[in-house]
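What follows is a set of notes on a single structure, which appears directly below.
Side chains included, hydrogens not; waters and symmetry mates left out as well; all remaining heavy atoms used.
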Amino acid sequence: VGKGGKKMADITIFYCRGEKQDSAALLQKAASRYTGQSGPFAVEKEPHGKPFFPDHPDLYFSVTHSGGFWMAAFSPQKVGLDLQEKRVTGREKKLSERFFAPLERDWLKGQPDERFFDLWAAKESFVKHSGLGFSAGSFPDFAVADGTGLLPTVKGLQLRHLPFDPGFSLCLCAEAIDSVRFEKM
């Protein structure tokens, strides 16, 4: 059990929709709601850019935004969250050749174009969890899908595609995921 009686595998996702959002202000508000403490919550970045709260080492979060939505997952364990609007642009094939592992590219063949975003959200959530991001160049070095489809675990971490809005793909990555609660901001 983590701080505040929250179980390690319980994750809260705060979200809101609006074109002009102040991500820093929303993060502060979500952190206050999650912890029950008033801010401000100082934010720093790890070497590859993953943000963290230096004054709250047992509080983990991951922020994502796409298509006018802003979201942040909070947990007493490391977490990665990614949201992708399913907006096909024709660049998906080129991006998959550059960033996806061969198993993933093979699985995408014959799938609807929107499945690209399921893969992308899973890969992003995984690298957000690790803190490596694109800067480490590791995106094509792991697969989140094989010939049977999207994988539920990668390198000992759970990946969970969450139902949200039909026009979006949302994926959460953590060591353990028991319950996920959504809270509108």
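Taking the ring centroids of Phe117 and Phe168, they lie at or beyond the 6.0 Å cut-off. Taking the ring centroids of Phe74 and Tyr60, they lie at or beyond the 6.0 Å cut-off. You'll find the ring centres of Phe164 and Tyr15 inside the 6.0 Å limit.
Closest of all the heavy-atom pairs between Cys16 and Met185 is CB-CB, 3.9 Å. Annotation for Ser169 and Ala121: closest pair O-CB, 3.9 Å, computed over non-hydrogen atoms. The minimum heavy-atom distance linking Lys78 with His129 is given by the pair CE-O, 3.2 Å. In plain terms, the two heavy atoms of Gln28 and Val43 that are nearest each other are NE2-CG2, 4.0 Å. Scanning all heavy atoms of the two residues, the minimum distance from Tyr34 to Pro76 falls at OH-CD, 3.3 Å. Residues Ile177 and Arg160 come closest through the heavy atom pair O-NH2, 2.8 Å.
Hydrophobic cluster membership is shared by Val180 and Leu170, with clusters built from Ile, Leu, Val, Met, Phe, Trp and Tyr side chains linked at under 4.5 angstrom. Linking ILVMFWY side-chain heavy atoms closer than 4.5 Å, directly or via other members, places Phe53 and Trp70 in a single hydrophobic cluster. Cluster membership check: Leu150 does not share its hydrophobic cluster with Leu103, using side-chain heavy-atom separations under 4.5 Å among Ile, Leu, Val, Met, Phe, Trp and Tyr. At a threshold of 4.5 Å between side-chain heavy atoms, the hydrophobic network of Ile, Leu, Val, Met, Phe, Trp and Tyr places Phe126 and Phe52 in two separate groups.
A cation-pi arrangement, defined by a distance under 6.0 Å to the six-membered ring centre and an angle within 45 degrees of its axis, is present between Lys123 and Phe142.
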Apply side chain to side chain contact (heavy atoms under 4.5 Å, CB included) to the pair Val79 and Cys173, showing each step before the final yes or no. CA-CA 6 Å; Val79 64; Cys173 178; over 6 Å; no
Report the C-alpha distance between Trp120 and Phe99 in whole Å, list the side-chain angles of each, state the deciding distance to 0.1 Å, and finish with yes or no for side chain to side chain contact (heavy atoms under 4.5 Å, CB included). CA-CA 9 Å; Trp120 193 270; Phe99 293 108; 3.7 Å; yes
Audit row: Asp118, Lys86, side chain to side chain contact (heavy atoms under 4.5 Å, CB included) steps and yes/no: CA-CA 9 Å; Asp118 295 338; Lys86 294 180 180 180; 3.8 Å; yes
Step by step, work out the side chain to side chain contact (heavy atoms under 4.5 Å, CB included) result for Asp146 and Trp107. CA-CA 6 Å; Asp146 63 14; Trp107 178 72; over 6 Å; no
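Residues meeting the side chain to side chain contact (heavy atoms under 4.5 Å, CB included) test with Ala122, sequence neighbours left out: Val144, Leu159, His161, Cys171. Scanning for side chain to side chain contact (heavy atoms under 4.5 Å, CB included) contacts around Thr64 gives Met71, Leu81, Asp82, Leu83, Lys128, with sequence neighbours left out.
Within the 3.5 Å criterion, the main-chain N or O of Ala101 finds a donor-acceptor partner in the side chain of Glu104. Remark: side-chain polar atoms of Ser75 are not paired, donor with acceptor, to backbone N or O of Ile11 under 3.5 angstrom. Judged purely by atom type and a 3.5 angstrom limit, Ser179 has no side-chain atom pairing as donor or acceptor with the backbone of Asp10.
With values rounded to the nearest 0.5 angstrom, Asp22 atom CG is found 10.0 Å from Leu27 atom CG. Atom OG in Ser66 sits 10.0 Å away from atom CD in Glu124 (nearest 0.5 Å). How far CD of Glu97 is from NZ of Lys93: 4.5 Å, rounded to the nearest 0.5 Å. Summarising the geometry, atom CZ belonging to Arg181 is positioned 11.0 Å from atom CD1 belonging to Ile13; distances are rounded to the nearest 0.5 Å. Note: Phe116 CZ to Arg91 CZ = 8.5 Å, rounded to the nearest 0.5 Å.
Counting non-hydrogen atoms of neighbouring residues, nucleotides and ligands closer than 6.0 angstrom, the CD atom of Glu175 reaches no more than 12 such neighbours. Summarising the local packing, CZ of Arg17 is surrounded by more than 12 heavy atoms from other residues, nucleotides or ligands at distances under 6.0 Å.
Residue pairs satisfying the salt bridge (Lys or Arg N to Asp or Glu O under 4.0 Å) criterion with at least one member in residues 149-158, sequence neighbours excluded, are absent.
Salt-bridge check for Arg33 with Glu183: passed, with a basic side-chain N closer than 4.0 Å to an acidic carboxylate O.
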